[in-house]
Amino acid sequence: QKEVEQNSGPLSVPEGAIASLNCTYSDRVSQSFFWYRQYSGKSPELIMSIYSNGDKEDGRFTAQLNKASQYVSLLIRDSQPSDSATYLCAGAFSGNTPLVFGKGTRLSVIA
Amino acid sequence: EPEVTQTPSHQVTQMGQEVILRCVPISNHLYFYWYRQILGQKVEFLVSFYNNEISEKSEIFDDQFSVERPDGSNFTLKIRSTKLEDSAMYFCASRSEGGGPYEQFFGPGTRLTVL
């Protein structure tokens with residue numbers, strides 16, 4: 001059973017701080033990982049994808065993947081109140097297979 | 001920017017009735033997916049569709065569910081006889097063909113309420 005696990009939070013950070021969101025997965029044979037942002041009542045919005053070990057940066061967001069430790073993280077620098085949302089970690093465990101989602105971590109950025 | 005669209009945004013139905021949820025994937029995408037999210041729970045995969053046939057389905061996707069691509073743009077999910085537990089947000093997603101990237105883009109969802 002392929003699983004993606006996340007701490008449900010809530011994670012509260014002050015405005016301007018770095019928010020760190022973490023995710024672990026159960027299957028060593030995995031292809032790619034994604035971070036989605038989901039506002040309440042809305043659909044998942046893709047923020048980052050990462051396929052290789054290491055870091056990938058896009059603006060204020062950095063995704064980190066460590067396949068040996070089966071660990072994915074998302075760092076949000078200079079957090080803004082508009083970043084307050086639930087962040088979903090998802091894995092695609094082979095090329096065309098569907099995404100397996102974690103339960104999501106609720107982030108609250110306090111102004 | 002191209003996006004996935006879904007209709008209706010909200011569907012209310014009586015238990016036992018049939019519903020059809022509609023999606024228009026991004027135009028050059030060839031892989032299509034339906035996911036659902038029960039309130040407060042994780043997003044769950046239902047079915048994937050490629051080259052006019054189902055490529056994978058989950059345990060949730062039983063005989064009450066079916067998918068169709070009736071024309072070159074629409075992708076539909078039909079629930080034949082709805083149950084109370086089918087109440088959820090239903091999301092359509094699509095991605096482009098090829099070995100990568102595997103990024104899936106989600107539509108805004110249809111909120112299905114079964115009474």
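Side chains of B:Phe105 and A:Leu46 form a contact here, defined as non-hydrogen atoms less than 4.5 Å apart. The shortest side-chain heavy-atom distance between A:Tyr36 and B:Phe106 falls under the 4.5 Å cut-off.
The two atoms that bring A:Ser49 and B:Glu103 nearest to each other are OG-OE2, 2.6 Å, heavy atoms only. The two residues A:Pro98 and B:Gln104 come nearest to each other via the heavy atoms CA-NE2, 4.3 Å. Minimum interatomic distance between B:Phe91 and A:Gln38 (heavy atoms only, all atoms of both residues): CZ-NE2, 3.9 Å.
In this structure, B:Arg69 places its CZ atom where more than 12 heavy-atom neighbours from other residues, nucleotides or ligands lie under 6.0 Å away. For CG of B:Asp63, the number of neighbouring non-hydrogen atoms (other residues, nucleotides, ligands) closer than 6.0 Å is 12 at most. Counting heavy-atom neighbours within 6.0 Å of B:Leu39 CG, excluding the residue itself, gives a total of 12 or less. Shown here is B:Glu59, whose CD atom has no more than 12 heavy atoms of other residues, nucleotides or ligands within 6.0 Å. At most 12 non-hydrogen atoms from other residues, nucleotides or ligands lie less than 6.0 angstrom from NZ of A:Lys42.
If you take CD on B:Gln37 and OG on A:Ser43, they are separated by 10.0 Å, rounding to the nearest 0.5 Å. In this structure, B:Lys42 NZ and A:Glu3 CD are separated by 5.0 Å, a value rounded to the nearest 0.5 Å.
Sorted by first then second residue, the salt bridge (charged side-chain N to carboxylate O under 4.0 Å, His left out) pairs that include residues 68-91 of chain A, not counting sequence neighbours, are A:Glu57-A:Arg77, A:Arg60-A:Asp83.
Chaining together hydrophobic side chains whose heavy atoms lie under 4.5 Å apart places B:Ile54 alongside B:Met15, B:Val19, B:Leu21, B:Phe32, B:Trp34, B:Leu46, B:Val47, B:Phe49, B:Ile60, B:Phe61, B:Phe65, B:Val67, B:Phe75, B:Leu77, B:Ile79, B:Leu84, B:Tyr90, B:Leu112, B:Val114.
In this structure, the portion of A:Val4 lying under 4.5 Å from any heavy atom of chain B is its backbone and not its side chain. Residue A:Gln6 does not touch chain B at all, counting heavy-atom pairs closer than 4.5 Å. Using a 4.5 Å cut-off between heavy atoms, A:Lys103 contacts chain B through both its backbone and its side chain.
Two different hydrophobic clusters hold A:Trp35 and A:Tyr39 under the rule that ILVMFWY side chains link at heavy-atom gaps under 4.5 Å.
With hydrogens and angles disregarded, a donor-acceptor distance shorter than 3.5 Å links the side chain of B:Tyr35 to the backbone of A:Leu99.
Most heavy-atom pairs under 4.5 Å with chain A: of the set B:Pro108, B:Ala93, B:Gly40, B:Gly109, this distinction falls to B:Pro108.
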